[in-house]
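The chains referred to below are lettered A, B, ... by the order of the sequence lines, with proteins before strands, and numbering in each begins at 1. Only this structure's heavy atoms are used, side chains among them; waters, hydrogens and symmetry mates stay out.
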Protein chains: 2
Amino acid sequence: MASSSRRPKTRAQPHVAPTVDLSAVIMAATPDEPRVLTVRATPQQPDGLPSGPLQSEHRTLEMGLRTWVAEQTQLTLGYVEQLYTFGDRDRTEADASGAGHALSIAYLALVREARPAGLAHAAWRNWYSYLPWEDWREGRPKALDVIKPRLKVWARAGGKPLRQLREERIELTFGFEAEGWSDERVLERYELLFEAGLVPEALRDTQPPVPSKVRLAPGLPMALDHRRILATAIGRLRGKIKYRPVIFELMPASFTLLELQKTVEALSGVRLHKQNFRRLVEVQGLVEETGEVTTETGGRPARLVRFRREVLIERPAPGVRLPRLR
Amino acid sequence: MASSSRRPKTRAQPHVAPTVDLSAVIMAATPDEPRVLTVRATPQQPDGLPSGPLQSEHRTLEMGLRTWVAEQTQLTLGYVEQLYTFGDRDRTEADASGAGHALSIAYLALVREARPAGLAHAAWRNWYSYLPWEDWREGRPKALDVIKPRLKVWARAGGKPLRQLREERIELTFGFEAEGWSDERVLERYELLFEAGLVPEALRDTQPPVPSKVRLAPGLPMALDHRRILATAIGRLRGKIKYRPVIFELMPASFTLLELQKTVEALSGVRLHKQNFRRLVEVQGLVEETGEVTTETGGRPARLVRFRREVLIERPAPGVRLPRLR
DNA sequence: CATATTTATGCTCGACTAGAGCATTATACG
DNA sequence: CGTATAATGCTCTAGTCGAGCATAAATATG
């Protein structure tokens with residue numbers, strides 16, 4: 001934006017140029033595991049997301065991202081969508097000094113190949129190693145047994161009005177009592193834990209340094225604010241699979257209905273009713289027969305199906321709906 | 001992002017610092033008109049959105065935005081949400097030169113006061129003066145009579161495969177044939193018109209300069225890529241009112257159910273079934289009685305209601321659902 | 001003042017959707 | 001051949017959604 005007269009003042013004020021990074025949450029999935037591609041500088045450092053500075057030879061932001069990812073991970077991205085721009089001046093240790101802003105424009109990318117990312121410093125990780133409370137496939141995650149009492153303590157720490165606000169927010173995001181679990185509120189949950197000081201990222205710059213590890217929520221930390229970005233991406237993807245057939249960006253060319261269901265379950269973190277899931281997929285016309293079957297599944301052979309690209313034109317909002325959890 | 005070892009190369013490459021602007025789509029609404037706050041440098045220039053450069057004294061992006069808006073429009077923003085970051089190097093005339101990137105981080109803000117924005121250079125405008133094809137409240141907008149044949153011509157201009165792709169995309173976004181109108185695809189429609197060369201913004205830098213005005217779609221242009229940003233904001237808001245009670249950010253403290261309905265219609269651009277709308281609002285518990293009635297509506301006096309803030313805690317996804325249009 | 005007009009509001013009916021579970025079929029394996 | 005494991009077909013029920021009829025309570029009008 002190079003215009004002028006609309007802003008009479010401050011044009012000439014001290015203005016440290018911000019640095020702009022492009023970062024990518026690259027996701028893949030098997031029927032069992034939702035994965036994210038992480039990179040690590042040294043074995044001691046926490047995992048991070050592939051990222052790199054925006055450069056003037058990048059024609060578009062998205063192309064800059066693709067360039068960086070190709071260089072760092074040898075991956076050619078398919079589906080890419082912008083997530084959010086993070087840029088609070090105090091978002092990292094280094095920037096609290098008051099230098100310029102460090103912006104990070106985060107993208108969500110979906111890929112099919114889940115091969116072990118040949119490079120030594122890059123690896124596919126299960127989402128839930130970073131956010132273990134998000135996986136309800138085996139029932140209520142145990143991480144919540146730790147989180148719940150600590151959130152209660154945090155809520156009680158304030159005065160009455162603050163306390164009630166906090167309790168309502170806890171109920172709204174984690175649904176411990178009546179509410180029930182809402183699979184999409186991933187970011188809200190992470191931010192609540194952050195504010196409550198239950199993730200190490202929140203304590204990095206505090207004085208005195210890091211209290212005992214016992215007080216933290218389970219789950220691996222990530223570099224900078226990358227765990228927040230990951231939470232943003234998971235929430236977005238969980239929402240999106242319900243009204244757009246993005247799930248197929250993660251599936252192989254042909255698959256069984258159970259594989260599709262398991263993959264959806266892995267992403268959304270909840271279990272689904274098998275027959276109803278099939279009915280939904282069939283009536284929506286999301287898939288078509290390949291004519292082949294596979295016996296590798298155990299019991300009765302399963303038909304192999306493929307995604308029907310035509311639904312993109314036929315239906316305004318095809319996607320895989322999910323049930324509520326209580 | 002100030003990390004290091006994850007990106008071995010290109011750290012020292014030519015790297016013109018990008019400029020970062022914060023821009024705001026500030027919306028208000030009456031039961032009849034959805035409005036956006038625009039600013040104009042000179043009477044000759046097209047309308048633009050309030051915006052200003054990110055500065056190092058801004059602690060967070062959102063606070064920077066609020067500061068700029070307060071300065072340019074005297075408004076104190078309430079609800080604010082980040083929309084998208086625009087930043088293709090060729091997004092404006094000035095930047096095509098290959099200087100640095102001009103990023104624009106766009107925000108959506110909702111305000112109640114729709115007073116005439118005291119300042120001479122700022123004004124509230126009806127959304128649909130910029131995007132007239134988005135208003136279906138009085139039936140199919142006439143703008144489409146112009147747009148449809150021109151899009152057909154554009155589709156036919158390519159070879160067979162390209163042509164089919166274009167026709168499918170037209171159908172998907174505008175739903176001329178079977179599909180029907182989808183109120184949320186505002187951005188997709190604008191971008192299609194842009195690609196088809198039907199909006200003047202698309203022709204600004206072309207050689208030879210601007211062909212006859214007769215070839216364009218109706219609707220006022222805006223500065224830079226601001227009409228694209230507006231389209232993004234409208235699409236986002238139309239989606240959001242369906243699952244979050246953001247509509248109340250635009251309503252006065254108390255209102256009648258018909259006023260609420262009319263406002264939703266103004267935003268979504270479609271007409272709703274009165275009795276069903278009321279049923280929905282009632283069963284969702286979105287409002288409560290104030291005890292007062294108003295006779296200003298014409299016929300039988302209407303109850304005045306107010307928003308019930310409690311629903312934010314009670315219901316996971318309250319919002320105003322809309323019907324399909326065929 | 002009676003009547004038309006306008007808006008608010010209550011209620012019902014039918015089509016469709018979603019959640020749950022029973023029943024049957026087709027393989028592999030011992 | 002019986003059993004385990006999936007895949008698949010089908011039904012029942014409650015709830016939601018779209019549409020429209022009917023009634024109530026004001027104002028406008030002749």
Can you list the residues that meet the ring pair (Phe, Tyr, Trp, His ring centres under 6.0 Å) rule with B:Tyr84, with sequence neighbours excluded? B:Phe86

According to side-chain contact (heavy atoms from CB on, under 4.5 Å), who are the partners of [X], at least two apart in sequence or on a separate chain?
{"X": "B:Glu288", "value": "B:Arg306, B:Arg308, B:Glu310"}
{"X": "B:Arg169", "value": "B:Trp154, B:Leu192, B:Glu195"}
{"X": "B:Val305", "value": "B:Phe255, B:Leu257, B:Val287"}
{"X": "B:Lys142", "value": "B:Asp145"}

Separation of [N] [atom2] from [X] [atom1] (nearest whole Å):
{"X": "A:Phe277", "N": "C:dG19", "atom1": "CZ", "atom2": "P", "answer": "13 Å"}
{"X": "A:Glu282", "N": "C:dA18", "atom1": "CD", "atom2": "C1'", "answer": "16 Å"}
{"X": "A:Phe255", "N": "D:dA6", "atom1": "CZ", "atom2": "P", "answer": "20 Å"}
{"X": "B:Arg278", "N": "D:dG18", "atom1": "CZ", "atom2": "P", "answer": "17 Å"}
{"X": "B:Leu304", "N": "C:dA8", "atom1": "CG", "atom2": "P", "answer": "11 Å"}
{"X": "A:Leu257", "N": "C:dT25", "atom1": "CG", "atom2": "P", "answer": "20 Å"}
{"X": "B:Arg271", "N": "D:dG18", "atom1": "CZ", "atom2": "P", "answer": "17 Å"}
{"X": "B:Gln261", "N": "C:dT9", "atom1": "CD", "atom2": "C1'", "answer": "13 Å"}

For a quick check, tell me whether the side chain of A:Arg279 and the base of C:dG19 share a donor-acceptor pair closer than 3.5 Å. yes

So side chain to side chain donor-acceptor pair (under 3.5 Å) across residues 253-265 of chain A, not counting sequence neighbours, yields A:Gln261-A:Glu265, A:Glu265-A:Arg271

Side-chain N,O (B:Lys274) to OP1/OP2 (C:dT9) below 4.0 Å: no

Distance check: side-chain N/O of A:Arg303 vs OP1/OP2 of D:dA7, anything under 4.0 Å? no

Quick one: does A:Thr38's side chain have a donor or acceptor within less than 3.5 Å of a partner on A:Ala123's backbone? yes

Just the table, please: protein N/O against nucleotides 1-3 of chain C N/O, every pair under 3.5 Å.
none

Who passes salt bridge (Lys or Arg N to Asp or Glu O under 4.0 Å) against A:Glu282, sequence neighbours left out? A:Arg303

Take nucleotides 20-30 of chain D nucleotide by nucleotide from the 5' end and write B, S or -, depending on whether a protein heavy atom sits under 4.0 Å from the base, only from the sugar-phosphate, or from neither. BB--BBBS---

Does a side-chain N-to-carboxylate-O contact under 4.0 Å join B:Arg189 and B:Glu134? yes

